[in-house]
Student: 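Provided herewith is a single structure, encoded as structure tokens, for subsequent inquiry.
Both ligands and their constituent atoms are indexed starting at 1 by order of listing.
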Amino acid sequence: MDIKSYAGDIKETGIKSAVVLLFEGDLRPLSRLGRGVSAKVKRALESLDFKGKEGQLEKIPLPGQRIELVYLVGLGKKDKVTLDTYRRAVALAVKRLKKDGVEEAVVISPKIDAKISQALAEGAVLGDYTFDKYKTSREKEKKEVKELVFHKADESALKKGVILAEAQNYARSLVNEPGNVINPITLAEEAKRLAKEYKLQCKVYDEKEIQDMGMLALWSVGKGSATPPRFIHLAYKPRGKPKDRIVIVGKGLTFDSGGLNIKPGDYMRTMKMDKSGACAVLGIMKAIAQLKPKVEVHGIIGAAENMPSGTAYRPDDIIRAKNGKYIEIDNTDAEGRVTLADALSYASELKPSRIIDMATLTGACMVALGEYTAGLFTNSEKLGNEIKEIARETGERVWELPMDDERLRKKIKKGPADVVNTGGRYGGAITAAMFLEEFVGEGIEWVHLDIAGPAWSREDYGYYTQGGTGFGVRTCVEYIMRL
Ligand code: BES
Ligand code: MN
Ligand code: ZN
């Protein structure tokens, strides 16, 4: 899909279809279609029930006119509209254009600036996403929107939006790949391929190197699988002296069966998405390589498959992590935090100012916040607030949960080892985050995003389709770009 801006009179584009985004009760933007067309649209509206409410879409055919097809898309009340409203509106329009076989359209927005331009481009590319490579009966000539021309949009903001949304779509597709296609080895191969394409540094450590480096926590989680674990380190280094160094860590369980504490079938379903944090890291590195900030960015993934077998790790095992702390295993299904113990220890050794980790870590987080909001946990009020602020713009919902309850913290300090990998029934998302904090180096600002809910969508909504969402990509990239 080609995304462009045009600042002149839309008639000069020669494009015969238009999408007009409208605030509720305000038809003024229609005038940009030209007087004749605008009057005809208004006439047609007299017999239609279009108010401009969010999600409303009306198709108005104008045979014989310079613009033959006008789509009106409601944004809702002007004072309620957010950047995400623009994303969802364009996504809705793109899906409809595709269905109707319209290949090119002009898009008119009632308000436009750099941020809105970027959001419009993101909505278009995200709304265009499908994952149908395994449908052999795909329609032969697939309908495609080839060009969208955004009236008076900011050209470079459109470009940035396309890069971000394509990175997010890339993460979505990786999440959607099943465990028989993406396993720790093939995920590492994908990281290498990405690094080569975008000139990033990439080092992959195999199961022997993982053990030699003292990452026995990651190794233990992976050792029950026929496909051994991999540790992936991607790096982007800017030209000249970097302003800062940041590490993004992603949970990379290519499949989570629960291990010996095996999950019941209903809960095991969709656990190919347990690599969503890792896929977000790959998406972030892809975008960063194109946007080229003056910051050094490292992407870290501990990739493993959690399986039950004769070589699997067990409840009661005591394992030494890379930073020297001992972990007692209470439940092999609380494996994400065990792999992240080593990934966060390794990340800390890179001496960054900040670490952000993303992990589909706990069902408890979904119980606490619902499935559309990520839990945010931090040791730094400042970093936490910065991420919350950006997340409001990206539309990726986050909500902070507290880390200051020392009685909860005690629950992961019980038993014979330094820490135990579960903290009991209550506050499960918080005790998981407290466990992770044990492996973050002194003086490093850290944010943990528990994306168990929003990494996967059970239904189509806005620019999301059922399946992987690529949650976290845009928020992290925006954060890095503002450092
Ligand atoms: N990957 C799961 C968490 C999860 C659950 C992600 C549902 C997405 C949807 C994680 O490894 C897990 O199994 N967590 C356990 C922890 C428990 C054993 C302490 C959970 O949440 O039940
Ligand atoms: Mn698990
Ligand atoms: Zn898991």
Student: Assess whether a salt bridge exists between Glu144 and Lys98, defined as any Lys/Arg side-chain N lying under 4.0 Å from an Asp/Glu carboxylate O.
Tutor: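 No, no charged N to carboxylate O under 4.0 Å.
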
Student: Between Glu328 and Lys414 (salt bridge meaning N to carboxylate O under 4.0 Å), is one present in this structure?
Tutor: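 Salt bridge absent between Glu328 and Lys414.
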
Student: Regarding Arg474 and Glu478, does a basic nitrogen lie under 4.0 Å from an acidic carboxylate oxygen?
Tutor: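 No, no charged N to carboxylate O under 4.0 Å.
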
Student: Which single N/O/S atom of Asp274 lies at minimum distance from the Zn ion (ligand 3)?
Tutor: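 The Zn ion (ligand 3) is closest to the Asp274 atom OD2, counting only N, O or S.
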
Student: Does anything in residues 450-470 form a salt bridge (charged side-chain N to carboxylate O under 4.0 Å, His left out)? List the pairs, not counting sequence neighbours.
Tutor: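 Listed once each, the pairs are Glu371-Arg458.
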
Student: Suppose we measure from atom 14 (N) of ligand 1 to each protein heavy atom; which comes out shortest, and what is that distance?
Tutor: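 Going by distance alone, atom 14 (N) of ligand 1 is nearest to Leu361 O, 3.5 Å.
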
Student: Atom 1 (N) of ligand 1: which protein heavy atom is closest, and how many Å away?
Tutor: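 Here the closest protein heavy atom is Asp274 OD1, 2.8 Å.
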
Student: Just give me the atom name: the N, O or S atom of Asp256 closest to the Mn ion (ligand 2).
Tutor: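 Of all N, O or S atoms in Asp256, the Mn ion (ligand 2) lies closest to OD2.
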
Student: Regarding Lys223 and Glu305, does a basic nitrogen lie under 4.0 Å from an acidic carboxylate oxygen?
Tutor: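 Result for this pair is no, no salt bridge flagged.
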
Student: Using a heavy-atom cut-off of under 4.0 Å, does the side chain or the backbone of Asp333 touch ligand 1, or both, or neither?
Tutor: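 Near ligand 1, Asp333 shows its backbone as well as its side chain.
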
Student: For Tyr463, which of Asp128, Asp84, Asn169 qualifies under side-chain hydrogen bond (donor to acceptor under 3.5 Å, both in side chains)?
Tutor: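 Single pass found, and it is Asp84.
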
Student: Any atoms of ligand 1 less than 4.0 Å from a non-hydrogen atom of Thr422? List them with their elements.
Tutor: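 This gives 19 (C) as the contact atoms.
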
Student: Would you check whether Thr362 has a nitrogen or oxygen atom less than 3.5 angstrom from a nitrogen or oxygen atom of ligand 1?
Tutor: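 Between Thr362 and ligand 1, no N or O pair is found under 3.5 Å apart.
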
Student: State whether Asp333 contributes an N/O/S atom found under 2.8 Å from the Zn ion (ligand 3).
Tutor: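 Under 2.8 Å: Asp333 has no N, O or S contact with the Zn ion (ligand 3).
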
Student: With a cut-off of under 6.0 Å to the ring centre and 45° to the axis, is Lys196 in cation-pi contact with Tyr198?
Tutor: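 Geometry flag: not set, cation outside 6.0 Å or 45°.
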
Student: Provide the atom name of the closest N, O or S atom of Glu335 relative to the Zn ion (ligand 3).
Tutor: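 Of all N, O or S atoms in Glu335, the Zn ion (ligand 3) lies closest to OE2.
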
Student: Inspect the contact between Lys251 and Asp274 and indicate whether a charged nitrogen and a carboxylate oxygen are less than 4.0 angstrom apart.
Tutor: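 So Asp274 pairs with Lys251 through a salt bridge.
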
Student: Within the stated cut-off of 2.8 Å, is an N/O/S atom of Lys251 closer than that to the Zn ion (ligand 3)?
Tutor: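 Within the cut-off used here (under 2.8 Å), Lys251 does place an N, O or S atom near the Zn ion (ligand 3).
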
Student: Taking distance alone, with N or O pairs closer than 3.5 Å, would you say Lys263 contacts ligand 1?
Tutor: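 Yes, since at least one N or O of Lys263 sits under 3.5 Å from an N or O of ligand 1.
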
Student: Of Met271, Arg337, Lys251, which has the heavy atom at the shortest distance from atom 5 (C) of ligand 1?
Tutor: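 Nearest option to atom 5 (C) of ligand 1, by heavy atoms: Met271.
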
Student: Side chain, backbone, both or neither: which part of Asn306 comes within less than 4.0 Å of ligand 1 when only heavy atoms are counted?
Tutor: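 Looking at Asn306 and ligand 1, no heavy atom falls under 4.0 Å.
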
Student: Salt-bridged, Lys80 to Glu24, with N to O below 4.0 Å?
Tutor: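 Looking at Lys80 and Glu24, the cut-off is not met.
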
Student: Would you mind checking if Glu406 and Arg409 are paired as a salt bridge, meaning a charged N to carboxylate O distance below 4.0 Å?
Tutor: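 Salt bridge present between Arg409 and Glu406.
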
Student: For ligand 1, is there an N or O atom under 3.5 Å from any N or O atom of Ala452?
Tutor: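 By distance alone, the answer is no.
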
Student: At the Mn ion (ligand 2), what is the angle formed between atom OE1 of Glu335 and atom OD1 of Asp333, rounded to the nearest 10°?
Tutor: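 With the Mn ion (ligand 2) as the vertex, the angle is close to 120°.
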
Student: With heavy atoms of Glu335 as the reference, note each atom of ligand 1 found under 4.0 Å away.
Tutor: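 Near Glu335, the atoms of ligand 1 are 11 (O).
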
Student: Name whichever N, O or S atom of Asp256 ends up nearest to the Zn ion (ligand 3).
Tutor: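 Of the nitrogen, oxygen and sulfur atoms in Asp256, the Zn ion (ligand 3) lies nearest to OD2.
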
